[in-house]
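These numbers come from the heavy atoms of this one structure, side chains and all, not from hydrogens, waters or symmetry mates. Within every chain, numbering begins at 1; the chains are lettered A, B, ... in the order of the sequence lines, protein sequences first and strands thereafter.
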Amino acid sequence: MTAYLLRRTGQAVVVVIGVMVLTFALIHFEPGSAARATLGTRATAERIAVFNAANGLNRPLPAQFVTFVKQALQGDFGTSYSLHQPVSALIAQRLPRDALLLGLSILLALAVAVPMGVYQAVRRDSAADHVLTVVAFTLYSMPDFFFGLLLVALFSVQLHILPSQAPQAVSVGGILADPRGLVLPVVTLTLVSLAGFSRYVRSSAISTLAQDYVLVARAKGLAESQVLRRHVLRNSLLPVVTILGLTAPAIVTGAVIAESVFNYPGMGLLFYQAATSKDYPVLLASTLVVGVATVVGSLLADVAYGILDPRIRYDRD
Amino acid sequence: MPLLDVRHLTTRITTGRGTVRAVEDVSFTLEAGETLGLVGESGCGKSMTGLSLMGLLPPGGGIAPGSSVRLDGRELVGLPARELRRVRGNDIAMVFQDPMTSLDPTKTIGRQIAEPVLLHQRCSRAAARERAVEALGLVGLPQPRRRLDDYPHQLSGGQRQRALIAMALANEPRVLIADEPTTALDVTVQAQILALLASVRARLGMAMILITHDMGVTAGNIDRVYVMYAGRIAESAGTDRFFHDMRHPYSQRLLASVPRLDQDPLGELPTIPGLPPDLLDPPAGCRFAERCPYATQRCRTEEPVLRGEHGHKFACWHPVRGPVPVAAPRRAPADATAPGPGTATTGDEMSATLPAKRAVSARGPGQPARAGGPLPATTTAVERDEPAPAAGVPLLEARDLVREYPVRGARLPGRARRVVHAVSGVSFSLAQGETFGLVGESGCGKSTLGRLLVGLDRPDAGTVALDGTDLGSLRGRALRRRRRDLHMVFQDPFSSLDPRMRVGAILREPLQIHSVGTAGEQRARAAELMAEVGLPERGLDLFPHEFSGGQRQRIGLARALALTPRVIVADEPVSALDVSVRAQVLNLMKRLQAAHGLSYVVISHDLAVVRHLADRIGVMYLGRLVETGSAEDVCERPAHPYTAGLLAAVPVPDPAAERAKRGHAPSGEPPDPVAPPSGCRFRTRCPLAQARCADEEPAPRAFGPGHAAACHFPLRAPLPEQPDAAGVVPQVPTK
Amino acid sequence: MTATDPAPLAEGPPAAGSPTGARTPAAGRGLGGPAVALLRNRRARAGLVLIALVALFCFAGPLFYRTDQVTVHLDLAELPPGGGHPLGTDANGYDVLGRLMAGGRSSLELGFAVAVATTVVGTLYGAFSGYVGGVTDSLMMRVVDTFLAVPGLVLLLIMVSMFSPSLGGIILLLSLLSWLSPARLVRGEVLTLRTREFVQAARMMGGTGPRVVLRHLVPNAAGVVIVSATFTVADSILMLSTLSFLGLGLPPPNADWGTMLTGGLDFLYDGYWWLVYPPAALLVLTVVAFNLLGDALHDALDVRLKRT
């Protein structure tokens with residue numbers, strides 16, 4: 001177990017460094033553009049030079065990278081070009097909102113996907129299985145934004161039961177004080193990730209059901225529901241834990257869309273606005289935060305897997 | 001009233017391809033304390049019969065109306081699911097074949113054993129746990145209380161099978177169904193588990209149904225034999241009666257096709273031609289008729305009824321009398337056994353269509369036919385410079401081979417590098433035309449040794465020399481040329497052939513790699529190879545999955561022959577095959593050896609197979625060669641206690657011999673090869689071990705010409721020491 | 001041991017005099033086998049039929065139904081269905097039906113191009129990495145992990161905001177992001193295949209690295225590759241529509257379903273249904289079709305595929 005953890009952590013560190021290099025390289029691909037974005041396309045070369053010097057953009061790229069890493073490690077990501085606030089403050093303000101939105105949707109998606117997938121596996125090739133398969137595929141195949149707007153059209157515009165705008169409160173507590181506004185964004189994100197999860201649970205449960213120990217459990221005289229609860233569920237959910245880590249990027253993509261659709265003031269919206277206005281400090285920092293969060297997420301998933309699977313937990317060295 | 005009374009049990013399974021008639025009209029009775037055997041090859045319906053009794057059919061399966069299973073007079077067929085569940089695991093329990101996959105990996109042993117107790121008895125968790133301790137003690141697991149909180153992966157294969165048996169016994173069932181309970185285990189562990197089953201049956205007064213394909217296991221462990229073929233009972237009799245007076249031709253042939261440890265190898269094993277019928281569409285009449293030499297028109301149209309008296313019944317219109325006589329001379333020429341009633345033909349599934357092959361195989365064994373031999377003249381391309389073997393230089397020689405590989409993930413800072421001691425100083429040699437057999441339990445390093453011989457793995461120390469040339473010193477072209485002389489046949493006929501290549505391409509590949517011949521010549525050579533292994537030429541256009549296991553193994557042999565090698569290393573060449581098919585492949589290997597003067601290294605856990613093929617045998621234990629000698633010396637006059645134990649563990653298909661068996665199988669299981677015992681590695685399991693065995697590693701000593709063993713306290717007196725010990729025992733490690 | 005085994009013994013070659021002679025080979029690993037198994041699958045049939053219909057509509061449709069998709073006619077804007085426009089016109093006066101065909105062409109072209117490009121790159125990368133193993137493999141996989149850690153949309157947004165690309169540019173960008181998944185899958189497959197005996201047999205015979213990779217590893221990983229390529233088509237079409245929604249899709253006068261849908265959504269609450277539901281329906285139908293086909297292929301080819 002120790003060796004397993006060390007190896008995975010080592011890999012995660014390498015990937016975080018890779019993410020830093022990648023994002024930095026991408027954003028500094030076109031040196032003059034930050035100045036143009038901030039000062040306008042008609043800015044003179046002189047003004048651009050002044051801007052670049054002020055922001056340290058005229059130094060060699062490796063030197064800029066070193067500075068960036070040093071400052072990033074101290075939590076200093078510079079100042080937003082467009083919002084004129086420290087980037088770290090912006091992110092600190094928005095991250096908890098994303099934790100709320102994404103956490104709720106993932107929990108909800110799992111709460112539906114696990115029973116659904118196991119049910120489909122048990123009733124494999126039945127009419128219900130086919131119907132749920134089609135539902136899952138349809139959900140999966142809908143563009144996130146279209147799905148969100150359809151919900152708005154139905155519940156806000158037609159039925160007037162839910163607001164189309166997400167709550168704009170600054171704190172998580174404030175958002176929770178008005179949970180109705182949270183419903184549509186959460187439902188959108190849930191349904192989008194539901195499909196992937198349920199398909200995975202289904203195929204995992206199908207392979208578990210074919211294992212010898214399931215037959216052994218039946219031979220002991222266990223009822224089918226007991227067999228499922230005691231022997232199938234845990235074994236088929238083990239691989240799903242690692243999938244959780246791997247789906248993080250897809251969920252972030254969904255968050256960018258959902259936040260723009262519902263005007264939810266989270267990282268996704270921040271990022272989208274930064275991308276369109278070429279606000280490089282914000283772009284760089286938020287990409288980095290999302291990347292690191294993804295790496296840490298999948299690392300945690302693997303650790304959880306190691307704890308849940310006794311074959312790894314009790315592995316000597 | 002019998003304890004279990006099964007009448008007209010018929011099970012059908014509906015699949016996408018149609019309805020499989022898996023079990024057809026099976027009837028038997030079982031008394032308390034009795035062991036009944038369901039015996040047959042894969043797909044004969046024996047496992048499905050066991051599952052039907054438990055009501056545990058796969059999806060699409062159903063028991064046909066008219067079937068009856070009565071336990072103590074109570075009808076189980078048609079019982080509501082709730083009621084049936086109370087029987088399962090309580091009155092009737094089952095032990096399955098593979099202990100590695102039959103335990104839930106995420107739950108402790110204790111919880112899994114306590115589970116059926118909690119389910120069927122009104123008791124507390126603590127009481128159920130106590131019961132689990134008792135059950136684990138009953139199955140002979142040392143320190144059962146400490147094992148309770150172990151997870152399955154922390155136990156060895158034999159311990160897991162004991163845990164599974166404990167689970168089945170936890171509620172003291174009246175009937176125990178054991179489905180191939182030892183097939184996945186080593187022969188020494190098999191002996192322990194079979195003894196365990198016999199003792200708990202006696203102690204608990206249970207009735208047992210033992211499902212097996214192994215005639216040896218049948219002879220030693222069963223009171224009444226039911227031979228199944230294609231879903232039906234072919235013959236049933238008391239075990240002694242069965243082995244001495246079998247009446248069904250299938251029973252007769254099944255027994256005859258098993259290589260025997262207790263008999264000198266005959267030239268060829270009798271085989272059963274063809275394959276069992278497809279149960280989706282079984283033939284009318286007798287289901288064995290297609291493969292039976294005595295079949296008449298009547299057999300193909302009219303289904304034989306199970307008849308007979310005195311508890312001996314058989315379903316055959318033309319019954320035989322007793323087993324095939326075995327009094328054939330040692331090393332009889334291959335075709336000496338003439339076909340006829342009462343004796344077995346030496347046919348195989350394809351031979352009828354390919355008469356030409358007979359001429360090739362008529363050459364007797366032991367006659368190296370290589371020089372100017374029957375290698376087809378059409379393939380001028382495969383000619384090559386052939387160095388004449390220098391006198392005294394063995395064809396293949398392994399010297400002091402060592403292979404240690406690191407344990408995965410062990411590179412933690414501050415911890416010693418842990419290695420698996422797979423092969424620790426093994427030396428042996430192989431002469432032209434000779435077969436060297438390597439036997440040992442799983443994990444003894446015999447497969448690693450095979451990989452070292454063919455260059456799939458490199459030794460950490462020691463050399464492999466072919467014709468006196470060290471293969472490790474060769475590079476590039478020279479090495480590639482040498483590789484043509486050494487080939488390997490793998491164990492698993494399902495994974496050794498690329499599933500996406502046609503057989504023709506598979507057979508041409510070695511020729512292409514070595515740029516031998518033109519495309520046309522390569523195709524001709526592929527066709528020739530097919531004929532040589534007894535397969536029709538049109539098989540070249542088929543994919544491997546379109547062949548049966550035995551046929552695939554033939555293709556593997558054909559590929560190994562493509563470059564006319566001189567040595568073939570065969571790693572468990574027949575262990576994945578059914579008994580009757582196994583005999584066909586063994587015969588083919590012998591025929592090819594005779595025809596081409598091949599030398600074999602045969603690696604197997606099955607002593608009987610090795611004895612059948614090998615001239616000399618080496619016994620491996622935990623990375624070391626503990627005894628070498630002629631097949632006869634090793635099997636009849638073993639000097640090492642481990643060899644003797646292995647021999648004692650092998651079940652012999654003769655009830656009298658089984659009863660008269662002396663000696664004991666080694667207890668326990670091999671220690672971890674990461675930390676082998678000091679001194680003699682076998683000492684931890686050796687009944688004769690003394691303090692010296694731990695301190696001092698035994699040097700090999702001679703017990704006869706070419707017969708050597710490394711033991712401080714051998715079972716027979718060694719030859720007097722000679723000043724030049726190395727000259728006497730050149731094949732044994734000197735480390 | 002049981003009759004539920006696939007009973008390989010029952011599938012001998014049709015040898016003369018053999019009892020199995022009359023039987024046809026069952027579905028299996030050859031070329032014909034999966035195709036048969038696939039066509040038996042209802043999901044596969046549904047997917048194939050839908051894909052064929054959409055392709056026919058997009059590529060053959062314009063031959064029979066000619067429209068002007070280049071010139072803006074503001075006088076003809078937002079006409080309801082009827083008259084010369086079965087599905088009405090959009091805000092620029094383009095005929096919606098004709099625009100659906102044009103948009104479908106770019107969506108399908110994009111999907112296929114990305115699938116082909118990523119499959120080739122991903123397969124070679126993954127096969128090489130898995131076959132070589134060791135430190136090289138480890139480093140190559142960390143590169144993949146790095147790209148996977150940054151969500152695709154995030155990278156796309158950064159890149160698209162810098163380049164504002166054409167169809168070809170978007171294909172290139174999407175390919176840059178989509179080769180990761182096949183690379184990982186193929187590597188995983190190669191790692192298990194490497195230990196299989198037929199690969200060892202080839203090595204033992206003296207087969208060189210490229211031979212083993214190209215003749216044995218890649219063909220046997222083909223199942224994984226085909227399935228992943230099918231899903232890539234679906235994912236790319238979906239991703240293009242998302243980019244369009246964010247205003248970063250294909251520049252005009254190119255047509256694509258995502259842009260049409262996004263444009264229509266502005267009028268959704270005002271009853272301009274023909275601007276919303278036709279492109280949405282086609283988009284979802286096409287993506288569902290490819291997903292169904294991929295899922296069925298997955299079963300037919302018996303691949304264990306982790307969809308990431």
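Between chain A and the options B:R111, B:K107, B:R85, heavy-atom pairs under 4.5 Å are most frequent for B:R85. Chain A forms more heavy-atom pairs under 4.5 Å with one residue of B:L84, B:T106, B:V87 than with any other, namely B:T106. Most heavy-atom pairs under 4.5 Å with chain A, from the set B:P152, B:G89, B:A81: that is B:G89. Interface remark: of the candidates A:E224, A:R230, A:Q211, A:R230 forms the most heavy-atom pairs closer than 4.5 Å to chain B. By number of non-hydrogen pairs under 4.5 angstrom with chain B, the leading residue of A:L222, A:L308, A:T208 is A:L222. Of the residues considered (B:R82, B:M167, B:E115, B:M94), B:E115 shows the highest number of contacts with chain A, using heavy-atom pairs under 4.5 Å.
Between B:L119 and A:Q226, some side-chain heavy-atom pair lies under the 4.5 Å cut-off.
In terms of heavy atoms, B:P105 sits closest to A:P310 at O-CG, 3.0 Å. The nearest pair of heavy atoms linking B:D104 to A:H231 is OD2-ND1, 2.7 Å.
Proximity to chain B among residues 212-220 of chain A is limited to A:D212, A:Y213, A:L215, A:V216, A:R218, A:A219, A:K220, judged by heavy-atom separations below 4.5 angstrom.
With a 4.5 angstrom heavy-atom cutoff, A:R124 does not touch chain B via any of its atoms.
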